[in-house]
Amino acid sequence: QVQLVESGGGLVQAGGSLRLTCAASGIVGIVNAMGWYRQARGKQRELAAIVERGGATNYADSVKGRFTISRDNNKNTVYLQMNNLKPEDTAVYYCYIMISRVYWGQGTQVTVSS
């Protein structure tokens, strides 16, 4: 069975950086995309960044230029480098993987103080 294990969340001051890691296991099919969604308190879950099978990336407009997504295909691991964090980035970040269907990680809290 597919499992996603997330790490790297925490509390940082505005302008700081964090790197999220999501390690996937139990994958037997083709991974079409991996990435991160986030959900702020009282808000809907939204896409933050994804990387597709061929390497193309897609970012939310609000994080472009600050976040960088990357993938280690050998380890089935995806990373999200988050720089110049802002209070509005505060959310639970969920790892996402799309094979034949979508799987979700448990979520990791990112809190950015002002």
Side-chain angles (χ1 to χ4, degrees):
Q1 62 181 289
V2 174
Q3 290 185 303
L4 304 176
V5 179
E6 302 170 327
S7 61
L11 173 65
V12 297
Q13 187 173 314
S17 298
L18 288 172
R19 189 177 77 156
L20 304 183
T21 299
C22 178
S25 63
I27 297 173
V28 296
I30 297 173
V31 176
N32 292 292
M34 293 186 70
W36 298 87
Y37 282 67
R38 65 185 185 180
Q39 186 168 20
R41 182 172 295 179
K43 302 294 181 64
Q44 296 183 14
R45 188 177 298 186
E46 65 175 359
L47 186 147
I50 59 169
V51 56
E52 299 175 355
R53 186 204 313 166
T57 57
N58 188 28
Y59 297 91
D61 287 343
S62 59
V63 309
K64 287 180 179 176
R66 300 187 297 116
F67 290 12
T68 303
I69 190 166
S70 60
R71 185 175 66 183
D72 183 339
N73 290 330
N74 185 49
K75 297 181 178 180
N76 289 318
T77 300
V78 65
Y79 307 90
L80 185 65
Q81 179 67 46
M82 304 185 294
N83 296 327
N84 191 24
L85 283 161
K86 302 176 179 180
E88 49 263 48
D89 296 317
T90 295
V92 177
Y93 285 69
Y94 296 91
C95 184
Y96 156 97
I97 182 170
M98 202 273 276
I99 309 173
S100 58
R101 72 170 183 89
V102 172
Y103 297 86
W104 296 97
Q106 79 283 358
T108 184
Q109 177 71 44
V110 171
T111 302
V112 184
S113 65
S114 59

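Only this structure's heavy atoms are used, side chains among them; waters, hydrogens and symmetry mates stay out.
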Salt bridge (Lys or Arg N to Asp or Glu O under 4.0 Å) partners of residues 93-114, not counting sequence neighbours, each pair once: none
Residues which pass side-chain contact (heavy atoms from CB on, under 4.5 Å) with S25, listed by chain and number, not counting sequence neighbours: Q3
Non-hydrogen atoms of P87 and S114 that approach each other most closely: CG-CB, 3.9 Å
Closest non-hydrogen atom pair, V5 against Q106: CA-OE1, 4.3 Å
Non-neighbouring partners of K43 that pass salt bridge (charged side-chain N to carboxylate O under 4.0 Å, His left out), sequence neighbours left out: none
Partners passing side-chain contact (heavy atoms from CB on, under 4.5 Å) against S70 (at least two apart in sequence or in another chain): Y79
Hydrophobic cluster of V102, others only, ordered by chain and residue number, side-chain cut-off 4.5 Å: Y37, L47, I50, V92, Y94, Y96, M98, W104
Residue pairs involving residues 5-29 (criterion ring pair (Phe, Tyr, Trp, His ring centres under 6.0 Å); sequence neighbours excluded): none
Cluster companions of L18 among Ile, Leu, Val, Met, Phe, Trp, Tyr (side-chain spacing under 4.5 Å): V2, L4, V12, L20, I27, V31, M34, W36, V51, Y59, V63, F67, I69, V78, L80, M82, L85, Y93, I97, I99, Y103, V110, V112
Partners meeting side-chain hydrogen bond (donor to acceptor under 3.5 Å, both in side chains) with R53 (sequence neighbours left out): N32
Residue pairs fulfilling salt bridge (Lys or Arg N to Asp or Glu O under 4.0 Å) with at least one residue in residues 83-92, sequence neighbours excluded: R38-D89, R66-D89
Listed once per pair and sorted, the disulfide (SG to SG under 2.5 Å) pairs that draw on residues 37-86, sequence neighbours left out: none
Which atom of S17 lies closest to which atom of Q81, heavy atoms considered: CB-NE2, 4.0 Å
Connected-component partners of I30 among ILVMFWY, side-chain separation under 4.5 Å: none
Contacts of S7 that satisfy side-chain contact (heavy atoms from CB on, under 4.5 Å) - sequence neighbours left out: T21
